[in-house]
Amino acid sequence: EIGGGGGTCSARTDPGARPMNVLTRNIPARDPPRGHTPIGLLLKTYPKLPQTFVLGEILGLEALGVPLAIFSLQQPTDAFTHAQVGKVRAAVRYVTQPARSAMAQAIVAHARVLARHPRGYLRALRETVGSREPDRWSRFVHAGMLANELAAQRTRHVHAHFASEPAALAAVAATMI
């Protein structure tokens with residue numbers, strides 16, 4: 001269970017875990033618990049200099065030994081990053097919107113998701129067909145690529161930062177898988 005707000009977050013990897021302030025320093029890092037699947041953190045762009053609270057959350061979760069998988073929808077464009085970004089142990093996977101020339105990659109990702117999760121994939125397709133959102137098809141294509149990455153990393157829980165593009169994409173990907 002992950003909850004956040006005001007610079008704090010709680011991570012429960014066992015029933016006795018307690019909330020902590022993620023801005024606390026000098027917390028000894030622990031190895032991730034064996035057998036635990038990573039929590040996915042989905043952001044529009046990572047790393048991004050103004051998102052110091054996101055960085056604090058990542059470092060705090062890692063200090064607690066929570067395995068993480070970071071997914072970013074865009075490559076960073078800032079000239080500078082926060083000095084603490086170098087301390088993040090989790091790998092960042094960029095799941096960018098495919099260009100028309102890279103549609104073969106998207107088709108392969110969708111085929112994998114359909115093969116692994118046919119009911120969820122078809123439910124997401126049905127919801128997309130019935131949607132009136134103008135960007136529904138590009139979101140569906142992008143969500144299939146994200147769902148494939150989530151499955152490849154054995155990520156069962158995704159925390160989307162910000163109730164915008166990442167949250168909408170995570171909702172479609174979650175339906176698929």
Side-chain angles (χ1 to χ4, degrees), residues 2-11 20-27 29 32 37-110 112-113 133-174 176-177:
I2 299 293
T8 63
C9 106
S10 63
M20 67 166 280
N21 183 330
V22 296
L23 300 178
T24 304
R25 301 289 184 241
N26 301 322
I27 301 169
T37 58
I39 292 173
L41 297 176
L42 178 62
L43 297 110
K44 185 173 181 178
T45 307
Y46 179 84
K48 194 156 180 73
L49 188 60
Q51 297 175 348
T52 55
F53 70 95
V54 173
L55 178 59
E57 180 179 285
I58 291 168
L59 292 172
L61 289 168
E62 286 186 336
L64 288 171
V66 176
L68 299 176
I70 302 171
F71 301 93
S72 179
L73 302 179
Q74 297 176 358
Q75 295 276 345
T77 57
D78 297 347
F80 301 98
T81 60
H82 195 284
Q84 299 280 351
V85 168
K87 294 183 178 182
V88 173
R89 293 185 306 238
V92 180
R93 288 163 186 81
Y94 293 96
V95 185
T96 59
Q97 181 69 269
R100 290 190 187 271
S101 60
M103 280 309 218
Q105 179 185 2
I107 291 168
V108 169
H110 275 260
R112 287 180 180 152
V113 175
E133 292 183 44
D135 63 344
R136 67 186 181 270
W137 290 110
S138 63
R139 181 172 292 149
F140 181 79
V141 170
H142 203 175
M145 295 181 71
L146 175 62
N148 184 54
E149 282 295 319
L150 292 171
Q153 298 304 314
R154 298 180 11 249
T155 304
R156 294 187 180 182
H157 176 88
V158 176
H159 178 78
H161 269 284
F162 308 114
S164 58
E165 185 180 349
L169 197 64
V172 177
M176 287 182 176
I177 56 174

ask   = Given Leu169 and Arg139, is the side-chain contact (heavy atoms from CB on, under 4.5 Å) satisfied, shown in steps?
value = CA-CA 6 Å; Leu169 197 64; Arg139 181 172 292 149; 3.8 Å; yes
query = Does Gln74 offer a backbone N or O that forms a donor-acceptor pair with the side chain of Ser72 under 3.5 Å?
reply = yes
Main-chain N/O of Ala90 paired to Glu62 side chain as donor or acceptor, under 3.5 Å = yes
message = The criterion is salt bridge (Lys or Arg N to Asp or Glu O under 4.0 Å); which residues satisfy it with Arg93, sequence neighbours excluded?
response = none
ask   = Which heavy atom in Ala173 sits nearest to a heavy atom in Leu150, and how many Å separate them?
value = CB-CD1, 4.4 Å
request  = Measure the CD1-CE distance between Ile107 and Met145 for me, rounded to the nearest 0.5 Å.
outcome  = 10.5 Å
Residues that Glu149 engages under salt bridge (Lys or Arg N to Asp or Glu O under 4.0 Å), provided they are two or more places apart = none
key: For Thr155 against Ile39, the heavy-atom pair lying closest together   = CG2-C, 4.1 Å
task = Could you tell me whether the side chain of Tyr94 and the main chain of Thr45 form a donor-acceptor pair under 3.5 Å?
result = no
request  = State whether the side chain of His142 and the backbone N or O of Val95 hold a donor-acceptor pair below 3.5 Å, judged by distance alone.
outcome  = yes
ask   = Between Leu43 and Pro166, which heavy-atom pair has the shortest distance, and what is it?
value = C-CG, 4.0 Å
Partner residues of His110 under the ring-ring contact (aromatic ring centres under 6.0 Å, His included) criterion, sequence neighbours left out = Tyr121, Phe140
inquiry  = As a quick check of understanding, evaluate side-chain contact (heavy atoms from CB on, under 4.5 Å) for Tyr46 and Leu41, giving each step before the final call.
reply    = CA-CA 10 Å; Tyr46 179 84; Leu41 297 176; over 6 Å; no
note = Contacts satisfying salt bridge (charged side-chain N to carboxylate O under 4.0 Å, His left out) that involve residues 67-88 (not counting sequence neighbours) are Lys48-Asp78
query = Leu68 and Ile58: which non-hydrogen atoms are nearest, and at how many Å?
reply = CD1-O, 3.8 Å
Side chain to side chain donor-acceptor pair (under 3.5 Å) involving His161 - partner list, sequence neighbours excluded = Glu57
ask   = Any side-chain heavy-atom pair from Pro98 and Val141 closer than 4.5 angstrom?
value = yes
task = Kindly write out the residues that satisfy side chain to side chain donor-acceptor pair (under 3.5 Å) with Ser138, not counting sequence neighbours, or none if the list is empty.
result = none
Closest non-hydrogen atom pair between Asn148 and Val113, with its separation = N-CG2, 3.5 Å
ask   = Any idea which heavy atoms bring Arg154 and Pro38 closest together, and the distance?
value = O-CD, 3.7 Å
